[in-house]
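No hydrogens, no waters, no symmetry mates; every other heavy atom, side chains included, goes into these values.
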Amino acid sequence: MWIKRWTTKQPSKEVCMKHEFLIIADMHYSISGQMAEATWILKWFGGLFPKFARRCEQGAAIHIKETLREAAEHGPYAAGIDLGDRTHGSHKDTGLKTKHAADEARGALQILKDVFNGLEFFLVPGNHDKGWHLSSFTRWGNGYLQDSLTKYREIYGPLYGITSLTEEVNLIWLSSEPFFFDYKRSIRFGKGKREEKKSRERLQLLRSELAIQLDFVKNQLANVANHDRKFILAVHEPSTLLSPQLQSILDEHRDRLIVTLTGHVHARWLMNLLKLFRPALHRIFSRYKIQMIPSVWGIDLPVPGLAWGPGAGWAKLTIEDGRVMLYIFHTNKRRFRGIRL
């Protein structure tokens, strides 16, 4: 099969029969001693939020391992699903083409290998995984994009894919940025011929990726229906589901959708605001059964754009006898929250 998977080694059949899957998101692993953009936060909020300040100063690696080891104790798992933003990057990066970003990506995978030796992971692309300067879809076209995406596939594997979790359930994962383009339909040309050329290249690539992934989803969902299966959708950012063309394809098979798993935990504040002020838009997210997974790193500072979150966490998906349960574990609360799907 053409899909490349990142794995340390194949899991045993005994583990696979359990139908339990680890779900993690937003490790934000950084090889820097301190995350660069955290400097101003430490200056103004460090005294009020000492735990957050300590994490910024130490870098995320120590706390990532603590959370992942905690998750490992609740295994064994048949496989893992990583919802993206394995790396953090820096403002100096221009994509995975740079040595800094590539080293960070390999460091994140090494942590998974160290903690979960033998566990297969399906890797969903996050905005930071393509490089800090590529973290916004509006910047696609900065001259480094093609090389960065090639490097992503080399290190992590495909930008989208499908796999069988059980005989009845498939997992489909996608890359978010092309679907933003479908929702926004924004055309931003910079000043000057050079910037205009970059913008046109970005639009051309987004149109191409959107068409490819939409065709992939349409064909795979038809196959899911033909084999009387159900499916789980995995994307990094919940706003992916605002794509009209993606909605149109999903709606035809929405009765087979079990849940949409998303990371991008600092979007939680936006989801809360939509529920309060834009109920019609919030109903779109509800229609596709979105469940956000806590950040492995755990951002504790309650500032919009960073997180309104319960700290670090992870989740476990259990499929048994047609019953699907999602157990979300919040590290600071030290307990599970079970959701029947």
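By the 4.5 Å heavy-atom criterion applied to side chains, Ile339 and Gln291 are counted as neighbours. Two residues are said to be in side-chain contact when any heavy atoms from C-beta on lie closer than 4.5 Å; Ile162 and Phe231 fail this criterion. Between Leu233 and Val217, the closest side-chain pair of non-hydrogen atoms is not below 4.5 Å. Between His227 and Asn170, the closest side-chain pair of non-hydrogen atoms is not below 4.5 Å. Taking the side chain as every heavy atom from C-beta outward, His264 and Pro238 approach each other to under 4.5 Å. The shortest distance between side-chain heavy atoms of Val124 and Leu261 does not fall below 4.5 Å.
Between the CD atom in Gln220 and the CD1 atom in Ile249 there is a gap of 11.5 Å [rounded to 0.5 Å]. To the nearest 0.5 Å, the span separating CG on Asp114 from CG on Leu109 amounts to 11.0 Å. Summarising the geometry, atom CZ belonging to Phe216 is positioned 7.0 Å from atom CG belonging to Leu174; distances are rounded to the nearest 0.5 Å. The CD1 atom of Ile232 lies 8.5 Å from the CG atom of Leu326; values are rounded to the nearest 0.5 Å. Taking CD of Glu177 as the reference point, atom CG of Leu210 lies at 12.0 Å (rounded to 0.5 Å). Atom CG of Leu250 and atom CZ of Arg287 lie 10.5 Å apart (nearest 0.5 Å).
Under the ring-ring contact (aromatic ring centres under 6.0 Å, His included) criterion, Tyr152 pairs with Tyr156, sequence neighbours left out. Applying the side chain to side chain contact (heavy atoms under 4.5 Å, CB included) criterion to Arg340, with sequence neighbours excluded, gives Arg323, Met325.
The nearest pair of heavy atoms linking Arg86 to Ala108 is O-CB, 3.6 Å. Residues Ala25 and Gly263 approach most closely at CB-CA, 3.9 Å, considering heavy atoms. Considering all non-hydrogen atoms of both residues, Ala315 and Ile293 come closest at CB-CD1, 3.8 Å.
Here the side chain of Asn226 pairs a donor or acceptor atom with the backbone of Ala222 at under 3.5 angstrom. Judged by distance alone, the side chain of Arg256 and the main-chain N or O of Arg229 form a donor-acceptor pair under 3.5 Å. A donor-acceptor contact shorter than 3.5 Å links the side chain of Asp85 to the backbone of His128. Judged purely by atom type and a 3.5 angstrom limit, Thr260 uses its side chain to pair as donor or acceptor with the backbone of Tyr288. Using a distance-only test at 3.5 Å, with no hydrogens or angles considered, no donor-acceptor pair links the side chain of His19 to the main chain of Thr318. Checking side-chain atoms of Asn219 against main-chain N and O of Asp215 turns up a donor-acceptor pair under 3.5 Å. Between the side chain of Asp26 and the backbone N or O of Pro294, no donor-acceptor pair lies under 3.5 Å. The closest donor-acceptor contact from the side chain of Gln247 to the backbone of Leu241 lies under 3.5 Å. Here the side chain of Ser176 pairs no donor or acceptor atom with the backbone of Val235 at under 3.5 angstrom. Here the side chain of Lys289 pairs a donor or acceptor atom with the backbone of Leu257 at under 3.5 angstrom.
Atom NZ of Lys218 has 12 or fewer neighbouring heavy atoms from other residues, nucleotides or ligands inside a 6.0 Å radius. Within a 6.0 Å sphere centred on NE2 of His74, other residues, nucleotides and ligands contribute more than 12 heavy atoms. By the neighbour-count criterion of 12 heavy atoms within 6.0 Å, atom NZ of Lys230 is sparsely surrounded, having that number or fewer from other residues, nucleotides or ligands.
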Kindly indicate, with the supporting measurements, whether the criterion side-chain contact (heavy atoms from CB on, under 4.5 Å) is fulfilled by Trp173 and Ile81. CA-CA 10 Å; Trp173 71 93; Ile81 303 169; over 6 Å; no
Under the side-chain contact (heavy atoms from CB on, under 4.5 Å) criterion, do Leu68 and Met27 qualify, and how do the steps go? CA-CA 10 Å; Leu68 293 179; Met27 285 204 301; 3.9 Å; yes
The test is side-chain contact (heavy atoms from CB on, under 4.5 Å); show your working for Phe179 and Glu237 and say whether it passes. CA-CA 10 Å; Phe179 300 98; Glu237 303 191 42; over 6 Å; no
Checking side-chain contact (heavy atoms from CB on, under 4.5 Å) for the pair Ile111/Tyr29: CA distance, chi angles, key distance, verdict? CA-CA 9 Å; Ile111 288 180; Tyr29 169 75; 3.5 Å; yes
So Arg254 and Asp251, salt bridge (charged side-chain N to carboxylate O under 4.0 Å, His left out) or not? Walk me through it. CA-CA 5 Å; Arg254 192 152 48 91; Asp251 284 345; 3.3 Å; yes
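Of the candidates Val169, Leu171, Val324, Leu317 forms a side-chain contact (heavy atoms from CB on, under 4.5 Å) with just one, namely Val324.
Between Tyr77 and Phe116, the ring planes lie perpendicular to each other; the angle is over 60°, past the 30° to 60° tilted range.
For the residue pair Ser243/Asp182, the side-chain donor-acceptor check at 3.5 Å is satisfied.
Taking the six-membered ring for Trp, Tyr327 and Trp314 have ring centres at least 6.0 Å apart.
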